[in-house]
Structure formats: structure tokens, C-alpha cells
Amino acid sequence: MYRSHNCGELRIEHVGQTVRLAGWVARRRDFGALTFVDLRDRYGITQLSFNEEYNKVLLDSARSLGREFVVQAIGKVTERSNKNSKIPTGDIEIVVEELQILNSSLVPPFSIEEETDGGDDIRMQYRYLDLRRDPVRQNLMLRHQVARQVRNYLDNLQFIEVETPVLIKSTPEGARDFIVPSRMNPGQFYALPQSPQTFKQLLMVSGFDRYYQIVKCFRDEDLRADRQPEFTQIDCEMSFVEQEDILNLFEGMTRHLFKEVKGVDIGTLPRMTFDDAMSKYGNDKPDIRFGMEFNYLNDLVKGKGFNVFETAECVLAICADNCANYTRKQLDELTEWVKRPQIGAKGLVYVMCNADGSYKSSVDKFYNQDDLKAWAERCGAKAGDLLLLLSGDLHQVRKQMSELRLEMGQRLGYRDKNVFKALWVIDFPLVEFDADNNRWHAMHHPFTSPKPEDLDKLETDPGAIRANAYDLVINGVEIGGGSIRIHDKNVQSRMFKLLGFSEDEAKYQFGFLMNAFEFGAPPHGGIAFGFDRLCSMFGGADSIRDFIAFPKNNQGRDMMIDAPSNIENKQLDELKIALKA
RNA sequence: GGUGUGGUAGUUCAGCUGGUUAGAAUACUGCCCUGUCACGGCAGGGGUCGCGGGUUCGAAUCCCGUCCACACCGCCA
């Protein structure tokens, strides 16, 4: 063994012992005749001490060590004369008796410290060095803990982890597939799974009853801070369950994870219908760490000659606590903010609720104090508050106001990363109309079951059908989503028909599932959690990248291995693939 | 596909309205230093100012194009 102890475990009670340590040279402090070396491994840092009086040869050798050299040191654990209370091993040091350089190192391109000087680019290119840094390692440790607790919880409830194939069939619905050519079947292609959806349903037909898998999924869409082309899901499915059973069981899992990983009790999760979420927050994943709910002012603003509001389908207001003291400059800046193309509002109307009970608005020309007072009362505003109004098309103005609400929540400090508010959003619409392509498409996926009482609208009023579908939302982030599935072949056929699949297309793409449903498919349903997002939320980060060991950049490139890359003509020939010029 | 921000020493950045020998910090190299832990001191090396074009007597700086990174919109059943 290269080492008898790791670099994080020696304490005052080990004084006098002779130990062997191995690790990386994090830092060297050289006083000439006295030199200290910080030796680092994943467990911590231990100080090595070299002294001219004790051993001149060893001292010289220590003074030649560069950063990130890999060394083994044998020596005696000694109490320090000057202790360092900042690190757990700070009471002791190793007076080195033997030093062996196991490997040298180039000078690293950025400093491998908690606070690195490296930018994203260089850190990704040398990710293996970045991973030596404590914060990044902590993130991966956290990820490991979360995975372990998921397995713990589900294992105790008789869930079985089953692996499903990665080379599967492409389906044009939903996200773009990653495509893999088949050498043995020239001209044909596998797709990588966007999720193991159909396989887990087949496992239910097989009687596995309770399945889960912590599994890689692939989607060939543009990236974001919280979206990677390959990502990990906690994928679950159960038989003989109704929506209520799934919500309860996975609410339990969520509570378990928060308790075990964060030491936080998130309590009972509220439930909110999709319609309520859209109406109160303009968003199907509301951040309920704060209120600032939407107020509808249509009936109060009409008929006063303010043309913008007269012609608007919807006039919305939110109330920002204690913001009546906003300066003209701040209000102008906020107006510019909502007018950015990403938000797309035409303008912003404000009302200041002054301390003396008077009101000052940007539309004083059209509305008197009584009008403004009525608005303020509708919004539940108190003296000192600021009303912010947006108007326009219902759908758009909700979306814009949702962005503004989140921004104001941020500015007011209501989005504390150490506070966790989770909820279920339920009763999603089954389908939404895609005006561009003049067709309905599934809000969740084509296997989601309509609520039984809405089943008869499948052919008459699809937009009004609610689905047995649900999302787990935490702090405004969609962490999980699932549904009760269709297990009846006829209902599934009607669903495919609604989505514009011909019978042949449905059979070609999902025939295996339809066939399986002819052999006794149990009622079943499930849910999938975004594992990376869950980890980044536990870690208090907005980006999932630092919770993935080797993530991809904005262009979907792995900067370290430089993938994707060209392949040799020989490989293309074997695949019978020609590249277009 | 679009919007925004950025690209200058190994690294992180400053360099504004055009005129400097292109700087700072840190890292690196050498020398000095016996109790540091972000050690300190002295000295030194290090630059295709992303790339291409243009304007100008003169461009890191202004303009156009392009590439790259990040954030966002579209997209993500």
C-alpha cells in the first residue's frame, strides 16, 4: 500500500505514529531552511514539514517539488507549534523521513483551489483537473448521495432496477433523436432513447409491478444551463396504481431525499391545477417561495379612454412589496427590461402606493385616485407597495408577467436558495393545438391517459380534456413529471388518431406496444425525475453542469475529448453512408 | 435560427472619447528567508490584443464580416 492514512484523517491523537501518505502537492511554502508542503487527496490536506536541521537532502528534494506532483511521504505525525484552525488536520503535521516522487506534473493551466482563477472554457478542457477542486468534487459526492438515497427508498418499497436498451427505434414525436447508424443493417438507424418510456410500460405488461432506473436519456435539442444532450433521469413505473398512489409515494421519496440529503423537512406538498398555476402565476412551474400572484384588472381599467388597456384582451397586475420608492430611473430600467425581445412586452404601467394614501401612476391622465385605489385594493396592496401592470393577449401577457414576477421576486430577495418549496401541478391538458402544423400534439406524451370523465371529448373537444398527468415543481423548476398511462388498446388507438397518426404509422412506430396491450396490460402509471436538476437544486446551483462529471458545452461539444469529431472514410464506407458536400 | 454579453500574458482582468515601450494581479523561473498555511522580499522571462477585411498619417480601441465561449428566446412529445 502506498499509504497508511489519507490526507484528511490525521488528528492530534495520531501524534507519534509513523504514517505513509500519498497525494498531490497542492502548495509549497518555502523558507529556505524550512519548507512546508500541503499534500492533497480527495479527503483533505495534510501539511508535510521539512527542516534543514533534521534532513538537508530531504529538504532540497521537497524544495524541488512542483504543483500537482504526485508524492508519497513517510514520516512521524507531530503536533504543530503553530496550529491552523481552518482545516481539520491543522493541529498536526508530518515530519517527513522519506519522500518519493511518484510522478511529476506540468504546471496546471489554472489554480486547483476552492476559488479557481480558471474560466469555464479552460476548466472544461481540463475537466480532470477541475474535478480535483473541492467544490466540484463535493457536487459529485452530493450526486452520489442522492442516487444512494433514491435506491434506498425505492428498494425498501419493492422497486426493481431494470436496465433498458440504449439502441432503440427513432420516433418523430417530441424531441429530436440522436441517431446511430447500423453497420449490419445498411441504411437503417437506431435512436438513443429520449426516455425508457415504452420499455417501462412493457415491463408493467410483464408484471414487474414496480420498476425504477437511474438512467441516461438523450435529446438532440439546443442546450441550456439546465439542459444537456445526455442527462440522467430517475425513471419509475408502477402497476395497479392511480394518480393518487403515485403522488403519495413519490412525494414520500422527495421528502425522504430532502431529509436525508439536506436535513430539511419540506412538509406536505400542496397541489395546484394547471389552470390555477397559469391563472395565478402564468406558468406551469410556479415558484411558490413567494406570493405576488396575478390580479386581473379588466373590469376596473376599461372605459377610461386609455387605449392600450381598452384594446387589451387582458390587463394583469402584480404587487411588489415596498417598492413605491422606486426612482424614475429604476422604473425606466424595469420598463426596458420587459421590452427586451426575450420578454416582448410593449410597455409597463406602474402605480406607486404612497405612504400618505395617495397614488401616483404612469397613467394619471386617464385614471383618478379612486380608480387607482380600486386597483390597489384588488391587488391587496398596502401603502409603500408598487403595482406593475402589463396588458395584451391573455396567453402572452401571462407569460410576460410570469417573467416579471420572477425578476421582481429575485430583486426582492424572495428566491432564497436555502428555502425549498415544492408542489404538485396536476390536471394538465391532454393535448395542445399546434397552430403552425395545424394539429394536436400531446402535452406530456402520447401514452398519457385522459381523465375518464373527459374521455368522450377525445373526438369532439380535445383541447378541453384533462390528463392524468402531474409535475413535481420545486422552486420554479420542473423536477419531475409523469402520468397514468393508457392501458387500453382502443383508447390508445383513439389517442394516436387524435395526434394525427394513421393506423399504419401508429402500427409502424408503436405496434409493439399496441400488441403488448392485447395481452393483459395492467393499469399503470409512473413518473420520471430530472436527476441532474435535482442534484443542482440540492447544491444550490442554477446550472447542472457542475453536477455532471464530464458535461458538454453550449454547442453540445465535449471540450476535453473534442467530440463530436469526423470519422474515417473507412468507417463511413462500412456504414454505407455518404456525406453531403 | 435569433437576442445579449464577452474574447488582451499560462490564468483572471484593466486599458473609456484612436497616438503608451500594451499594463495589474496571480501563476512561472532565479536568488534571499526557520513556523508558514493566500507566507514574505528582490529580480526576471512571458503578448499573432480571437481571426479576416475596412476607415485613418496612425487601430487593442471605430466600422463590417467571421469564429469561439457564456446567458437567454425559439426548440425541449
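Letters A, B, ... are given to chains in the order of the sequence lines, protein chains preceding strands, and every chain is numbered from 1.
In this structure, the nucleotide among rC73(B), rA77(B), rU12(B) sitting nearest to the side chain of Ile122(A) is rU12(B). Here the side chain of Asp120(A) is nearest to one of rU26(B), rC70(B), rC28(B), namely rC70(B). Here the nucleotide nearest the side chain of Met559(A), chosen from rA27(B), rA69(B), rC70(B), is rA69(B).
Pro109(A) comes within 4.0 angstrom of the backbone, heavy atoms only, and of no base. Within 4.0 Å (heavy atoms only), His445(A) reaches at least one base atom of the nucleic acid. Residue Met443(A) is in sugar-phosphate contact alone, with no base atom involved, counting any heavy-atom pair closer than 4.0 Å across all strands shown.
Taking the C1' atom of each, rG58(B) and rG18(B) are spaced 8 Å apart, rounded to whole Å. To the nearest whole angstrom, the two C1' atoms, one in rC28(B) and one in rU66(B), are 34 Å apart. Between rA14(B) and rU8(B), the distance separating the two P atoms is 10 Å to the nearest Å. Using P as the reference atom, rG41(B) and rU17(B) are 36 Å apart when rounded to the nearest Å. A gap of 8 Å separates the C1' atoms of rG15(B) and rA60(B), to the nearest Å. Taking atom P in both rU61(B) and rU3(B), the straight-line distance is 23 Å, to the nearest Å. Separating the P atom of rC70(B) from that of rC42(B) is a span of 40 Å, rounded to the nearest Å. Using atom P as the reference point in both rA27(B) and rC37(B), the two lie 14 Å apart (nearest Å).
Side-chain contact annotation: Gln194(A) with Asp177(A), donor-acceptor N/O pair under 3.5 Å present. Between the side chains of Asp30(A) and Thr35(A), a donor-acceptor pair is found at a separation under 3.5 Å. With hydrogens and angles left out, the side-chain atoms of Asp287(A) and Tyr281(A) include no donor and acceptor closer than 3.5 Å.
The residue among Ala175(A) and Phe110(A) whose nearest nucleotide of RNA chain B lies closer to the 5′ end is Phe110(A). Along RNA chain B, the nucleotide closest to Gly119(A) and the one closest to Met124(A) are compared, and the more 5′ of them pairs with Gly119(A).
Nucleotide rG4(B) holds its C1' atom 15 Å from the CD atom of Glu407(A), rounded to whole Å. The CD-P distance, from Gln555(A) to rG2(B), rounds to 12 Å in whole Å. For the pair Asp121(A) CG and rG50(B) C1', the interatomic distance rounds to 12 Å; values are reported in whole Å. We find that CD of Gln125(A) is positioned 16 Å from C1' of rC70(B), with the value rounded to whole Å. In this structure, Asp562(A) places its CG atom 11 Å from P of rA69(B), rounding to the nearest Å. Computed from coordinates, the Glu478(A) CD to rA77(B) C1' distance equals 12 Å when rounded to whole Å. The OH-C1' distance, from Tyr126(A) to rU12(B), rounds to 16 Å in whole Å. Here the C1' atom of nucleotide rA69(B) and the CG atom of Asp130(A) are 15 Å apart, to the nearest Å.
Heavy atoms from other residues, nucleotides or ligands lying under 6.0 Å from NZ of Lys451(A) number more than 12. Within a 6.0 Å sphere centred on NZ of Lys83(A), other residues, nucleotides and ligands contribute more than 12 heavy atoms.
Side-chain contact between Met560(A) and Arg123(A) is absent, with no heavy atoms from C-beta onward closer than 4.5 Å. You'll find the side chain of Arg219(A) stays beyond 4.5 Å of the side chain of Pro229(A), heavy atoms only.
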Classify every nucleotide of nucleotides 31-44 of chain B by which part a protein heavy atom approaches to under 4.0 Å, writing B for the base, S for the sugar-phosphate alone and - for neither, in 5'-to-3' order.
-> --BBBBBSB-----
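Aromatic ring pairs are classed by plane angle as parallel below 30°, tilted from 30° to 60° and perpendicular above 60°; the pair Phe428(A) and Phe274(A) is tilted.
Distance CG/Asp275(A) to CD1/Ile426(A): 10.5 Å, rounded to 0.5 Å.
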Applying side-chain contact (heavy atoms from CB on, under 4.5 Å), run through Ile94(A) and Leu10(A) and close with a yes or a no.
-> CA-CA 10 Å; Ile94(A) 309 300; Leu10(A) 293 172; 3.7 Å; yes
Carefully, step by step, assess Asp121(A) and Met559(A) under the rule side-chain contact (heavy atoms from CB on, under 4.5 Å).
-> CA-CA 8 Å; Asp121(A) 210 357; Met559(A) 298 293 280; 3.2 Å; yes
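Nucleotide rU55(B) is matched to nothing when pairs are restricted to Watson-Crick or G-U wobble geometry with both distances under 3.5 angstrom. Shown here, rC70(B) forms a base pair with rG4(B); the pair counts as Watson-Crick or G-U wobble because both key distances fall under 3.5 Å. The pairing partner recorded for rG30(B) is rC42(B), the criterion being a Watson-Crick or G-U wobble arrangement whose two distances lie under 3.5 angstrom. With a cut-off of 3.5 Å on both pairing distances, rC76(B) has no Watson-Crick or G-U wobble partner at all.
Phosphate proximity of rA69(B) to Asn553(A): present, with a side-chain N or O under 4.0 Å from OP1 or OP2. For the pair Arg557(A) and rC70(B), the criterion of a side-chain N or O lying under 4.0 Å from OP1 or OP2 is not met.
Listed in residue order, the members of residues 215-235 of chain A having a heavy atom less than 4.0 Å from RNA chain B are Arg219(A), Glu221(A), Asp222(A), Arg224(A), Ala225(A), Arg227(A).
The only option from Gln201(A), Arg485(A), Gln213(A) that meets the side chain to side chain donor-acceptor pair (under 3.5 Å) definition with Glu237(A) turns out to be Arg485(A).
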